[in-house]
Number of protein chains: 2
Amino acid sequence: MTAPSSTADTATVPSRRELNKAATRQAITDAALALLRTKGPGNFTAEEIADSAGISRRTFFNYFSSTDAALASVVHTFLHNAIQQLRLRPAEEPVLESAQAALMALADPKAVAPLAELFTLTQHSPLMANTELQAWDHCREQVFAVARERVAVTPGGEDELYVHALAGSVISCGKAAMEVWFSRRGADLSPESLAELRQLLIDAMALLGAGFNSRSHTMGPERYTPAPASPAS
Amino acid sequence: MTAPSSTADTATVPSRRELNKAATRQAITDAALALLRTKGPGNFTAEEIADSAGISRRTFFNYFSSTDAALASVVHTFLHNAIQQLRLRPAEEPVLESAQAALMALADPKAVAPLAELFTLTQHSPLMANTELQAWDHCREQVFAVARERVAVTPGGEDELYVHALAGSVISCGKAAMEVWFSRRGADLSPESLAELRQLLIDAMALLGAGFNSRSHTMGPERYTPAPASPAS
DNA sequence: GTGCAAACTTGCACGTAGTGTAAAAAAATG
DNA sequence: CATTTTTTTACACTACGTGCAAGTTTGCAC
């Protein structure tokens with residue numbers, strides 16, 4: 001065979017095994033998504049996915065521990081990218097701003113398209129809720145790790161609570177922004193829709209940074225930000 | 001038969017069938033907890049639980065959809081009580097204070113003892129993580145419902161985001177406080193330990209109310225400083 | 001190339017999960 | 001007691017997830 005490519009774009013050598021594994025992995029998720037589109041959530045088995053991906057049932061379970069896990073890889077890759085963006089931010093930047101910036105970088109069609117499709121296809125199905133929650137929680141742990149590095153937590157101090165609560169809240173607000181966006185726009189990936197997503201993410205982080213005090217959340221009828229036009233929903 | 005008790009504390013008549021159902025339900029969770037203690041998480045089957053509870057395997061699945069669900073009933077009852085406490089708070093009270101007060105009411109041995117035991121027994125097991133996340137998320141939905149009632153959300157307005165983000169953050173902070181408490185004190189239910197739990201809950205809500213801006217969260221029930229303007233926009 | 005060791009895939013088998021179904025048992029009702 | 005309704009139970013069935021022992025592919029050295 002020819003020598004390993006000298007024009008490798010990444011440091012690690014992409015061996016044949018790695019490529020094959022990545023290819024089958026992708027084939028599995030593609031097959032799972034296709035079945036999700038055609039048959040709907042919960043109406044197809046692991047054997048069907050494996051069959052459609054051209055592998056055996058046993059091999060499917062070598063890659064994913066369940067059918068849900070195969071679908072959730074979409075969420076995992078998105079959140080993985082988010083964490084990478086977060087780690088790129090300067091360490092001296094406040095965590096909230098870093099989170100906001102990291103989320104901004106992902107509010108483009110390429111990144112959110114698979115996520116949006118998965119969301120719309122499994123919107124009212126409790127089947128995905130499970131693995132989805134796990135994915136978000138996994139992301140929370142990553143944010144926790146990043147935050148802990150920056151805050152330099154003292155072993156027995158009260159910083160533990162600070163970092164835990166901050167990481168969880170950041171995830172919750174990001175989740176909230178996405179939920180609102182999906183409920184408003186569905187799978188709409190137009191530039192205006194994505195702009196709205198970005199604004200929602202900004203607003204959510206701002207709410208968190210302001211301690212949810214930006215508006216008097218008593219029963220007072222006073223409204224905030226008189227929202228120019230667009231009463232149509 | 002004897003007439004329905006006139007001293008019934010609840011409006012609904014506790015018929016024989018209701019009592020039996022409640023008894024078997026309790027027997028199942030007791031059996032599941034006992035097996036969890038003796039065999040450890042993941043090392044017992046649904047049939048064993050049913051056997052130990054004196055019922056058939058099929059009946060077990062009539063009550064719970066999985067072994068995890070049987071264990072998670074502990075978490076559900078705790079969170080159910082928390083929600084009830086939350087609903088008891090006056091509607092004009094800020095949500096953060098209501099949440100704090102509701103959690104205070106549950107920081108007593110009676111309520112947290114089963115939760116603490118379940119936590120310590122399944123601490124490093126991914127088996128419970130699943131249903132536990134679901135339980136928390138279910139609680140989040142309840143908090144969301146309460147918050148939406150109070151905030152009087154306008155259909156197309158930005159209040160959706162506010163309520164979603166607030167409910168999620170409150171849950172995250174409550175979760176964070178409990179996680180820190182468990183990691184510090186384990187299953188310690190002494191008065192000092194519970195006092196620390198209460199303080200952690202207070203601090204967590206204070207952090208949220210202060211927008212994670214003040215790092216001096218060693219204070220007691222002090223008022224937080226009003227949050228400055230939101231980050232650059 | 002040949003040979004070898006490591007990895008990956010595959011088929012098989014096994015225990016378990018969860019559900020549909022119909023019959024039996026128990027409780028409410030007349 | 002006879003009934004009607006609800007609950008439990010036994011049975012069967014599909015699917016899940018995993019251990020195991022093959023077979024197959026890849027990497028590496030010679």
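Below, all heavy atoms of this structure are taken into account, side chains as well, without hydrogens, waters or symmetry copies. Each chain gets a letter, A, B and so on, in the order its sequence line appears, and its residues count up from 1.
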Please state whether the rings of H164(A) and F144(A) are parallel, tilted or perpendicular, taking 30° and 60° as the class boundaries.
tilted
Closest nucleotide of DNA chain C for E47(B) versus for R58(A): which of these residues is on the 5' side?
R58(A)
Whether S52(B) side chain and I49(B) backbone form a donor-acceptor pair below 3.5 Å
no
Whole angstroms only, please: what is the CG-P distance between N43(B) and dA17(C)?
12 Å
Looking only at atom types and distance, does a side-chain atom of H138(B) sit under 3.5 Å from a main-chain N or O of Q134(B), one as donor and one as acceptor?
no
Output the rounded distance in Å from CG (L19(A)) to C1' (dC8(C)).
14 Å
Start and end of the DNA chain D segment that chain A contacts, any atom under 4.0 Å from a heavy atom
dA15(D) to dG27(D)
E141(B) atom CD: more than 12 heavy-atom contacts under 6.0 Å:
yes
Along DNA chain C (nearest heavy atom to each residue), the more 5'-positioned of F44(B) and T59(A):
T59(A)
For the pair made of CD in E18(B) and P in dA27(C), what is the distance, rounded to whole Å?
13 Å
Just the rounded figure in Å: distance from C1' of dG18(C) to CZ of R57(B).
7 Å
With a cut-off of 6.0 Å (strictly less than), are more than 12 heavy atoms of other residues, nucleotides or ligands near NE2 of H80(B)?
no
Nearest whole angstrom, please: distance from the C1' of dT16(C) to the CZ of F60(B).
12 Å
Please state whether the phosphate of dT10(C), meaning OP1 or OP2, lies under 4.0 angstrom from any side-chain nitrogen or oxygen of S56(A).
yes
Is any side-chain heavy atom of W136(A) closer than 4.5 Å to a side-chain heavy atom of S172(A)?
no
Without decimals, in angstroms, what is the distance between N62(B) CG and dA26(C) C1'?
15 Å
